[in-house]
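These notes concern the structure reproduced below.
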Protein chains: 2
Amino acid sequence: MNPKDNVSIGLSAAIVSVEGERPSVLVVSHEGADDALPFGPFNPVQHRTLESGLRKWVGEQTRFDLGYTEQLYTFGDKGRHLSSSGDGSARVVSVGYLALTRQGKEAPETQWRGWYHYFPWEDWRDTRPAMIDSAILPALKKFVKDAPNAESAELRRERVNVCFGEGWDEERVLERYELLYEAGLVEEFYRDAGKPVKQALGTAMQFDHRRILATAIARLRGKLKYRPVVFELMAPTFTLLELQRAVEALAGLRLHKQNFRRLVADQGLVEGTGKWAATSRGRPAELFRFRREVLRERQAPGVRLGVRRIKNA
Amino acid sequence: MNPKDNVSIGLSAAIVSVEGERPSVLVVSHEGADDALPFGPFNPVQHRTLESGLRKWVGEQTRFDLGYTEQLYTFGDKGRHLSSSGDGSARVVSVGYLALTRQGKEAPETQWRGWYHYFPWEDWRDTRPAMIDSAILPALKKFVKDAPNAESAELRRERVNVCFGEGWDEERVLERYELLYEAGLVEEFYRDAGKPVKQALGTAMQFDHRRILATAIARLRGKLKYRPVVFELMAPTFTLLELQRAVEALAGLRLHKQNFRRLVADQGLVEGTGKWAATSRGRPAELFRFRREVLRERQAPGVRLGVRRIKNA
DNA sequence: ACATTAATACTCATTTCGAGTATATATGTG
DNA sequence: CACATATATACTCGAAATGAGTATTAATGT
């Protein structure tokens, strides 16, 4: 192939953990600049696979030993990988990864940050976020009206409806972010276009990292339901309520407690340890552990969160 | 970034269609060489996005106008992108795509080929393929026995069990292909290692294209169940049996006719046209069309094929 | 003692699913 | 034309899964 076809490949990782009710992502933050995901170039000479390249880079940058990892998507859009400083020179194709861990000893330049800082409209645990009605929908209405022609307006109307209309589908995280981007509701839109920022919902990230994070959340929310991935984020033993809170934090939804318990129990996802959690108030809860055997036994075990939100939080 | 980090990006597409009961993939075949998927390099100067690059390349090579497309995975393993001629020079990272179309006018160097030529063990419509018991399981048993140590043997045993043991999970196409690759049951294994071929199940493809195709089939089989993607492969109108045969062809499984009908009808995926198919024998079937509106209405409509195989074909 | 809090158990109606049986409408054959 | 055969379509029925509770148990704080 021709040398002019050469491109640099950037590897980025959305490293996710949950502490209590807060789903977080590990970010590299330098003062003044936006947060970034840990990332680095793929070196075809050193690295045998993309994933081994990622592990090496991330290890160096964050001192983290990635556990579960999964490739998300490869982004190559022109103009979507600019840093805040605006160097538009190199064309970079970026491969995003999702990694799940528990919090540990991080490198000093990195920190865990709640992911709803970047996506405040995605957290429906307490209530439908007010900003959807106060800021998002009015702006999107305008976006529909400003469409260049009727056909485009109809397409936009449909997208708005799917993303923010009747019936919240918690998995459409990326679709929603991309819609907000195109509608100019997000800082990155202005940065990529080299224009002054007009609207900026949520906290911005460097490059296309918020898009990668959106992809990560979407994938994780989907995967939760058919693979027992939550357990990668849990301590070795946990109470059922802790497990539920973790799932809720990730899904951004509240679940029905009794049914949640029935689900994980009936599916054989967990087993009691016979020990009890130190409790403050209320009846003490039994500590459970993940039954690794289910990975072999069942076809598609997962916390099939009865997707519907609990009537009222 | 350093120039030595530069890599070529190859774009490949698994273009899928179904004609009758035969799911096919569009391949480029030159005599003497293995089949290949349509592919070409990504040109960062010309192409704004990876997908537009793909569309351009594929358009030139196959005269096909891709409809539905979806990015699958980005492969970068060293030594898995060798051609049959064995040029090991350039390091290529390949981005695989899935595209769904109907058959039309193809370029002369391309042809539709049934995908079960490449994966004969994946077609369970008539019966559990005999080669699983006659060839695959014995060889995999040996693969387990030849493990370097007990721990590795246990891991291998589990993988064999998940892939080919009790309970067929039709989505694990890639997992199965990778297992067969590692166990040396597939031509590509020997080619990539530069060794003489010992065992070769199914028809080989160039580069890592069979792996990309496996990824495509797996993704499509999964997606079928929660998104109405089959309809991309159907004529504008079709009988319910034709629709069922298409789904069965893709899934490699037989389905229960009456329940299939109930499913697609109850979900509002199709609507009758009031016209009837020209019939040879039996009562004539009504022609249906896809109700595009469901894309807006329901959360996750798809042909939730009651995964279990029909008792006996 | 008792209000409060949380864990866990049990109930119940509804929906979905798997697997049929039953009936309707063609063709082809003697 | 009667009837075997093939296919489409309708309807049934029990089992399992799901959504939304109520009931009971076991702690703490006052």
Side-chain angles (χ1 to χ4, degrees), chain A residues 20-21 167-168 225-226 237-245 247-248 251 253-288 298-313, chain B residues 20-21 167-168 225-226 237-245 247-248 251 253-288 298-313:
Chain A
E21 307 220 15
W168 182 253
K225 291 167 196 153
Y226 60 93
T237 70
F238 45 81
T239 70
L240 292 184
L241 187 59
E242 284 165 359
L243 181 65
Q244 183 181 340
R245 292 289 179 243
V247 172
E248 290 174 338
L253 297 173
R254 285 284 166 220
L255 303 174
H256 184 283
K257 187 169 171 178
Q258 297 93 321
N259 290 347
F260 179 84
R261 150 181 303 273
R262 174 175 64 186
L263 217 67
V264 290
D266 285 6
Q267 289 206 119
L269 286 171
V270 297
E271 61 189 356
T273 61
K275 296 185 179 170
W276 310 87
T279 182
S280 48
R281 353 152 84 34
R283 176 173 170 179
E286 186 169 6
L287 288 169
F288 289 79
R298 308 194 92 262
Q299 289 251 121
V303 185
R304 300 206 292 284
L305 33 128
V307 160
R308 238 166 304 281
R309 244 167 74 265
I310 221 66
K311 45 193 303 183
N312 209 329
Chain B
E21 308 219 15
W168 182 253
K225 292 167 197 153
Y226 60 93
T237 70
F238 44 81
T239 70
L240 292 184
L241 187 59
E242 284 165 358
L243 181 65
Q244 182 181 341
R245 291 291 178 241
V247 172
E248 289 174 338
L253 297 173
R254 284 286 167 219
L255 303 175
H256 185 284
K257 187 169 171 177
Q258 297 92 320
N259 290 347
F260 179 84
R261 150 181 303 273
R262 174 175 65 185
L263 219 66
V264 291
D266 287 4
Q267 290 206 117
L269 287 171
V270 297
E271 62 188 354
T273 61
K275 297 185 178 170
W276 310 87
T279 184
S280 47
R281 347 152 90 31
R283 175 173 169 179
E286 186 169 6
L287 287 169
F288 289 80
R298 306 194 95 260
Q299 291 251 117
V303 184
R304 299 207 292 285
L305 34 127
V307 159
R308 236 166 304 280
R309 244 167 74 265
I310 220 65
K311 45 192 303 182
N312 210 328

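All of these numbers come straight from a predicted model, not from anything done at the bench. Letters A, B, ... mirror the listed sequences (proteins, then strands); counts begin at 1.
In this structure the side chain of A:Phe260 reaches within 4.5 angstrom of the side chain of A:Leu243, judged on heavy atoms. Put simply, the side chain of B:Leu241 reaches to within 4.5 Å of the side chain of B:Arg245, judged on heavy atoms. A 4.5 Å side-chain heavy-atom check between A:Val264 and A:Phe288 finds every atom pair outside the cut-off. Counting heavy atoms from C-beta on, the side chains of B:Asn259 and B:Arg262 come closer than 4.5 Å.
Note: A:Gln258 CD to A:Leu240 CG = 12.0 Å, rounded to the nearest 0.5 Å.
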Where do N or O atoms of nucleotides 7-14 of chain C meet protein N or O atoms at under 3.5 Å, pair by pair?
residue: C:dA7; atom: OP2; partner: A:Lys257; partner atom: NZ; Å: 2.4
residue: C:dA7; atom: N3; partner: A:Arg283; partner atom: NH1; Å: 3.4
residue: C:dT8; atom: OP1; partner: A:Glu286; partner atom: N; Å: 2.9
residue: C:dT8; atom: OP2; partner: A:Arg261; partner atom: NH1; Å: 3.4
residue: C:dT8; atom: OP2; partner: A:Arg261; partner atom: NH2; Å: 2.5
residue: C:dT8; atom: O5'; partner: A:Arg261; partner atom: NH1; Å: 3.4

Protein-nucleotides 28-30 of chain C N/O pairs under 3.5 Å:
none

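A donor-acceptor contact shorter than 3.5 Å is absent between the side chain of A:Glu248 and the backbone of A:Glu21. With hydrogens and angles ignored, the 3.5 Å screen pairs no side-chain donor or acceptor of B:Glu242 with any backbone N or O of B:Gly20.
A straight line from CG of B:Leu263 to P of C:dA19 spans 14 Å, rounded to a whole angstrom. We find that CG of A:Leu255 is positioned 13 Å from P of D:dT18, with the value rounded to whole Å. Note: CG (B:Leu243) to C1' (D:dT9) measures 16 Å, nearest angstrom. One can place CG of A:Asp266 at 14 Å from C1' of D:dG19, the figure rounded to the nearest angstrom. If you measure from atom NE2 of B:His256 to atom C1' of D:dT12, you get 12 Å, rounded to the nearest angstrom.
Summarising the geometry of B:Thr239 relative to B:Ala277, their closest heavy-atom pair is CG2-CB, 3.6 Å, with the distance given to 0.1 Å.
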